[in-house]
Amino acid sequence: MSYLNELNEVQRQAVTHIDGPALIIAGPGSGKTRVLTYRIAHLIDSGIAPWSVLTLTFTNKAAKEMKERIANVAGKNAGKIWAGTFHSVFARILRVEASKIGYPSDFTIYDSKDTKSAITELVKAHGLDPKLYNASAVYNRISLAKNSLISPKAYFEDVNRLLEDKQNKMPYIYKIYELYVGKCKRSAAMDFDDLLYQMYQLLENNPDVLSKYREKFKYILVDEFQDTNLLQYSIIKKLVSYDGSSNNICVVGDDAQSIYAFRGATIQNILNFEKDFPGIEVFKLEQNYRSTNYIIQAANDIIAKNSKQIKKTIFTDKKEGELIRVINAITDTEEARQVVNMIVEQKNRYHISNDDIAILYRTNAQSRVFEEALKSKRIPYKIYGGTSFYDRKEVKDVLGYLRAVVNPKDEEALKRILNYPTRGIGPTSISKLLKIATEEKLSLWTICENVHHASLPKRTENAIKQFVQMIKLFQKRIANSTAYELAKYIVKMTEIILDLKKPRTIEAQNRVENVTELLDGIKSFVEDDEVDEFSTNIEDKSLQSYLQNVVLLTDLDKDLEEETRVKLMSVHSSKGLEFKSVFIVGVEENLFPSMMALKSKDINAAVDEERRLFYVAVTRAEQFLTLSYSTSRYRFGNMTYNTSSRFLEEISSKYLDLSTQNKTAKVSQTYNKKNTMDKLSTMSKPYVKAKMMANFKASPISMASVGCEILHQRFGNGKIISIDGDGSNKVATIFFEDEVGEKRIMLKFAKIQVLE
DNA sequence: ATTGCCGCAATTTTT
DNA sequence: TTGCGGCAAT
């Protein structure tokens, strides 16, 4: 048990505690993964069967890392423990037990696009306005319901929910929810939430199944417990908490790093946990081994502003280290340029390699300018998250075929490929088929199989018959060809490549390459004998298993360690990672904290979550931390103006290095036009503009008259020279101070503020 | 049925 | 700015 020597006192206690419930509160960089893996190794060393240990994580990456590290300590037996994400472990179990809940074992998993498309269809079919009943909004409501264990029936009886929907002008969500559930069932499909929801129902309604898994999983560990929602917690509780149970559950989490409340996660689970499992032992890991002292102190400054939290003090015995650099810029492009310059400087001065560097942003949309800036300096980079490879249309189309072959009831897949490549089955025919399917409560596939009852034009009927034949042909091949061979065959037979090549553009070429890449991916899935996460079972190389992998895998899980490239990702994706040098960019009001948070009903809770997110971002850094913001940036195509983030102000200036900052940019949150005017004149022009724009407020047309000094949202300061036209069609000729010069602007559309 | 054009809405964050 | 959905022309 030599590994015990590598631990500090609290860590060792947490590792050697075996029986009964345990709660480990683990600050950032406190060796959480180490404790978890050693704990598992220790369990196995103590004679506990590896296959009775279940470890649940949030990301596949975390699961994989855990397995690898356990293997280092515990050797071969590590392969036999159950470790995976909530979603993948439950999907596995659900396939085995599918018949108990009325599903075939080869059910499809819908990703969020499939789900939204299904919802949009239902909304339209019921004559509701798709703009009002925005698919994402409806999906959110349904998702929230499922994650709170509210069935469609319970939803309809829930007065509060109905009232909320009414206030949001979507009173029929309950109906869509009900229909959506039916549609999924008929399509033999589960969405992400179903993997949890159905798992719960399975255990709830099948005592034999429940006791089987209670028997099986004697030791359960949950990582990132602060991010579990009610549903996940309920499943865990079902498995662990019962008469005669030894309550061998260990959860690890940090309330300060809870960043998924928007998805229904609640730190209430941590608080409840202490109540639900009396006799619980609590371990607090407070020593940070990751970051320098300045970074830790800054992080403490930030999180101290949050009112609700479990008390703990993060400390380190590392040196002060470098101060946190603050960069400010006038535009987003300029911000990117400066950040990249700083990267170059760090690389030269400290010999940091590309993969020790990460650029973290609040929203994926921010990545673009950094990409360009990195490109111009020839620094290799990789973007994680955002529009993933598997979200591309051409990729989804090919996958659609594969899905339909495995499970032809999969309505979303079928809809996608029924007329792709075009074969004369237009939208009119498809909606007719869908209508029949809904009325008869049958799957779309069944209707297609019996298309002669559908009274469609002969031509279309034949086209559908041919389509059905083709899919059946593919299905016959499943048994004696690999996933790769089949996929290749399908692509050939459907002439998808030919269709993609039609427009002779670069994008077309890219699309063809994407399809090829997809095929290569399938090939390596089939051929790779890398131990998969469920190596307890025979390696599953079936097409179905491939599809499940694809849908549950995210970009981040793929190959983070591969090359020496600068990494770009959202702060959310960065959770659990660490880098020598971290750049947090776009540290501005309305971006970080996000505008959504600032506009939310419960603004305090929302800003607290943003603050935790910022805390997570800051604590990713080991040695160097740089924060940057820009006073103006493009957003939906037009310029917006922002001030630096409140979070920046919350860090004591002791830890900040403001030397690189433009002196004029000491931003005061309150801006007073009168006495700032003089000061502004000494500042750089674009900055003056940015500053004034932050305060921009459009005036009514009636206030505009010849001679007025005005402020235009895009062109800045100007003076009205003349106004012509009448009524609401008045056109003003305005002379702008900046290079813009004279412009004729329709007052009806222009956003103009009259200054005096 | 298909193609192509126009107008509008979108950006939090993820399994 | 992009990307999607709706509509009109072929």
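Sequence lines set the chain letters: A, B, ... in the order given, protein chains first and strands last, and positions in each chain run from 1.
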Without decimals, in angstroms, what is the distance between A:Leu613 CG and B:dT12 C1'?
10 Å
A:Ser117-A:Thr120 side chain donor-acceptor pair, cut-off 3.5 Å
no
Is there a side-chain contact between A:Ser570 and the phosphate of B:dT14, meaning an N or O under 4.0 Å from OP1 or OP2?
yes
Represent DNA chain B in dot-bracket notation, 5' to 3'. Only Watson-Crick or G-U wobble pairs with both distances under 3.5 Å count; pseudoknot-style crossings use [ ] and interstrand partners use |.
||||||||||.....
State, without any angle test, whether A:Ser630 and A:Asp332 hold a side-chain donor-acceptor pair at a distance under 3.5 Å.
no
Between B:dT15 (P) and A:Asp194 (CG): distance, integer Å
18 Å
Between B:dT13 and C:dC4, how far apart are the C1' atoms? Round to whole Å, please.
22 Å
Touch class at under 4.0 angstrom, heavy-atom based, for A:Asn419 against every strand present:
sugar-phosphate
Please state whether the phosphate of B:dT14, meaning OP1 or OP2, lies under 4.0 angstrom from any side-chain nitrogen or oxygen of A:Ser573.
yes
Hey, could you give me the CD1/CD distance between A:Ile176 and A:Glu121, rounded to the nearest 0.5 Å?
12.0 Å
So do A:Thr494 and A:Met470 actually touch side chain to side chain, heavy atoms under 4.5 Å?
yes
Touch class at under 4.0 angstrom, heavy-atom based, for A:Lys599 against every strand present:
nothing
Output yes if the stacking criterion (under 5.5 Å between centres, under 30° between planes) is met for A:Phe86 over the base of B:dT15, else no.
no
Walking along DNA chain C from 5' to 3', note the first and the last nucleotide with an atom under 4.0 Å from a heavy atom of chain A, and give both.
C:dT1 to C:dG6
Most 5' of A:Thr422 and A:Ser594 on DNA chain B, judged by nearest nucleotide:
A:Thr422
Under 4.0 Å between a side-chain N/O of A:Asn60 and OP1 or OP2 of B:dT15, yes or no?
no
Going by an N to O cut-off under 4.0 Å, is there a salt bridge joining A:Arg612 and A:Glu609?
yes
Is the closest basic N to carboxylate O distance between A:Lys393 and A:Asp397 below 4.0 Å?
yes
Within the 3.5 Å criterion, strictly below it, is a donor on A:Ser570 or A:Ser573 matched to an acceptor on the partner's side chain?
yes
Sorted by chain and residue number, the salt bridge (charged side-chain N to carboxylate O under 4.0 Å, His left out) partners of A:Arg141 (sequence neighbours excluded) come out as A:Glu164, A:Asp165
Is it possible for you to check whether A:Arg263 lies under 6.0 Å from the centre of the six-membered ring of A:Tyr260, through NZ or CZ, and within 45° of that ring's axis?
yes
Report the distance from atom NZ of A:Lys113 to atom C1' of B:dA10, rounded to the nearest whole Å.
14 Å
